[in-house]
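What you see is a predicted model; the values in this text were computed from it and never measured. Residue numbers start from 1 in every chain, and the chains themselves are labelled A, B, ... in the order their sequence lines are given, proteins ahead of strands.
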Number of protein chains: 2
Amino acid sequence: VGVKQEPRTKKQETNNYWAQQVFVVGTGMTRFGELWGESVESMAKAAVEEALGEAKISVADIDALIVGNMLLPMLENRAHVARVVADAIGYTGPALAVEAACASGGMAVQQGVMFIRSGMGRNVLVVGVEKMTDADGATIARGLMGAGGEEEQLAGATFPALYALMHQAYQHTYKIDDEAMAGIAVMSHCHAASNPLAQFQKGITVEAVLKSPLVADPIRLLHCSPVSDGASALILSAEKTRTKKQDTNIEIVGSGLGGDTLALSKRKSLTSMKATKQALRQAELMAQGKLGIADKVEVVELHDCFSVAGYIALEDLGFCGVGEASKCLSNKSMPLINPSGGLKACGHPVGATGVKQVVAVARELRKGKKWGLTQNVGGTGATAVVHVLRNTSHEVRGAKYEEGI
Amino acid sequence: VGVKQEPRTKKQETNNYWAQQVFVVGTGMTRFGELWGESVESMAKAAVEEALGEAKISVADIDALIVGNMLLPMLENRAHVARVVADAIGYTGPALAVEAACASGGMAVQQGVMFIRSGMGRNVLVVGVEKMTDADGATIARGLMGAGGEEEQLAGATFPALYALMHQAYQHTYKIDDEAMAGIAVMSHCHAASNPLAQFQKGITVEAVLKSPLVADPIRLLHCSPVSDGASALILSAEKTRTKKQDTNIEIVGSGLGGDTLALSKRKSLTSMKATKQALRQAELMAQGKLGIADKVEVVELHDCFSVAGYIALEDLGFCGVGEASKCLSNKSMPLINPSGGLKACGHPVGATGVKQVVAVARELRKGKKWGLTQNVGGTGATAVVHVLRNTSHEVRGAKYEEGI
């Protein structure tokens, strides 16, 4: 595939990308949950085998492996994380690991997209993996606290405590009652109930959320995503389809990355994430050359590590006005939100989550939807990654993408 | 800068890159050594400020920050490593951390190159940083062992022990005596003696190497790179020079990545690294469209974590025949080797090393040399990164790079 580039203009700023297409040709994931019999290696292998099977290629066809993982160095004193996965799948080619706390998976997807767009390779294997449930709760909490600001760590602020500040600020600023704050968790569990790969395959009620134990006031247990094991994998390719039988083309057409300070105390807002907005802007520009993609998006996987994060994401991504997410949740104008069950109910093996989001959206697009979006957050919003996916199966490419060979 | 791409052909395999140029417009590094008064933050800040000063840009001009680091999660239980550096320099834009054991720095440089080549941004800040000397020796050894195979870790094989196997195999296979094995350490110390940023600014003799304590037979203390603190930084840019005063253009024209199994026991050879050869091949093809670049290279920074690694690198990179490195070391046909003092004598703060190599070569090229090369290794050779640099100050670009705007 040879693709003519568009002329670059100064106005395009940081989005002077080459018009290279990136296709999702294989997806795989394990069940998420407490998988006591599984290891990082066994889970990664299972996810990769499924993705290779879908793509109808073998390990020998892979030009690079990119692994998203956060906790393996902390919990198991193991580094060279990409090669741990490489060994598990019998791959000896180029490999690297990327880390951005709970956004490690989304970051790995972005590096995969860049790998292809920069012409470094044709087929890239992206793997997200995390094994959390072998460690005790205090170790996990301490490990996750590593994703926050040092002053937050020293003050003993766990992630539920930090998100509790945002939850409080959000409720106070927009006058949202406790029942409304519970809505997104109920929705996520409802979706997870029909996802055989989800950690919690059962519905919950608003009442159950309100009666669940307080973890960090006002955050209750059922506002929180769980500690999980799991792996997910993607084959990204510069080539449209691997076989003629495969008749859906899913492309990653936008990839954006945003940042902010580690510590909440340094942020301008507790009810919005600058990082998400920055990542969205980049992804929108890359996907369509202009801002404003929310109206097109039919399915979104967003980072609902806590209920308040889900609501803030919906607003930052432009799906509804500020303070309106809880009211708009079931509006017909909204996209399908977290069909996998989200972090809340599908589970949140941190490095795996960002890759799983793309897997989940790609699988929804294969059913016929056209535009999808993922949003993955690190820490309390110090990092955000947004991807825009598009089903281009039945499109005739215009002048923008003139295909060569 | 708008650049016409070359047509892609099947023969180019994984090197169907877009013809985007990547300039090194700023370099910075701290002194390497036992810097007890410094932290990851303070060292990163110092290196970045120097690089920004050279590039004559500010933090606001940076489109992405890429950090190479291995040990912060293990030694200080801190994750979200890129944002730790970002906070230290007052940067809130996109940032990610990459990890590939002792090749984390080189990997970060490659991600920076890809970032620009994929058009994701114009100015990328690449930082390598490591703070090692605060931890006790056993903790450091255990941390570094995380870069090897799990069976090697469980067997208690430290890195000197693993490289001792390679040292033995190399001496035995090519009949190299102990005096010859000491040569590269003597050379590195000689260069470090005139580098004010080096950890050990003094020469050593062959006799001193042979009389130094055995660490892991036959590796002696003076065959080993030290435990170090330090940071290094690069500004990579899609734009040639930032100011008219700056009249040297240093480009990264080739970037290659290679891999192999984590464990030595699974490798085909103990006296050569497949990962280095694979990385070199990619970098050569990208740099010049064909293999064989050794004859052009006038300066090389290679990964001499132990003496044997330096010799193997010289051979794998094509600077001399197999088994001949110790004899060829001072041949006139050889490039300048490790002008910084290499890992052995400049020091080896692991995440910083791969970035420092590019800093050191770029600074040599500014003095008038034309071609330079870096080689950075992770573990015992499970990862290798090779970069080719070129001084293009006085070249008229041909049809290959037709410059636009």
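Closest non-hydrogen pair, B:R83 versus A:A382, comes out as CD-O, 2.8 Å.
Both the backbone and the side chain of B:D260 come within contact range of chain A, each with at least one heavy atom under 4.5 Å from a heavy atom of that chain. For A:V385, no part sits under 4.5 Å from any heavy atom of chain B, backbone or side chain. For A:F115, the parts sitting under 4.5 Å from any heavy atom of chain B are the backbone and the side chain alike. Using a 4.5 Å cut-off between heavy atoms, A:M114 contacts chain B through both its backbone and its side chain. Neither the backbone nor the side chain of A:A86 comes within less than 4.5 Å of any heavy atom in chain B. There is no contact between A:A275 and chain B, counting heavy-atom distances below 4.5 Å.
Listed options A:G90, A:A100, A:A384, A:S104 were ranked by heavy-atom pairs under 4.5 angstrom with chain B; first place goes to A:A100. Taking A:A263, A:A279, A:G256, A:G259 one by one and counting their heavy-atom pairs under 4.5 Å with chain B, the maximum is reached by A:G259. Residue with the most contacts toward chain A among B:Q278, B:M70, B:E76: B:Q278 (heavy-atom pairs, distance under 4.5 Å). Between chain A and the options B:A103, B:G379, B:G258, B:A147, the largest number of non-hydrogen pairs under 4.5 Å is found for B:A147. For chain B, the option among A:G143, A:P73, A:P94 with the highest count of heavy-atom pairs below 4.5 Å is A:P94. When each of A:M145, A:K266, A:Q153 is scored by its heavy-atom pairs under 4.5 Å with chain B, the top score falls to A:Q153.
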For this session: I would like to know whether B:Q111 and A:L96 meet side-chain contact (heavy atoms from CB on, under 4.5 Å); could you show each step before the answer?
Result: CA-CA 10 Å; B:Q111 296 313 101; A:L96 71 146; 3.5 Å; yes

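Using a distance-only test at 3.5 Å, with no hydrogens or angles considered, a donor-acceptor pair links the side chain of A:K274 to the main chain of B:T92. Counting only distance, with no hydrogens or angles, the side chain of B:E99 and the backbone of A:V81 share a donor-acceptor pair below 3.5 Å.
Between atom CD of residue A:Q110 and atom OG of residue B:S118 there is a gap of 8.0 Å, rounded to the nearest 0.5 Å. For the atom pair CG (A:D63) and CG (B:L257), the distance works out to 11.0 Å, reported to the nearest 0.5 Å.
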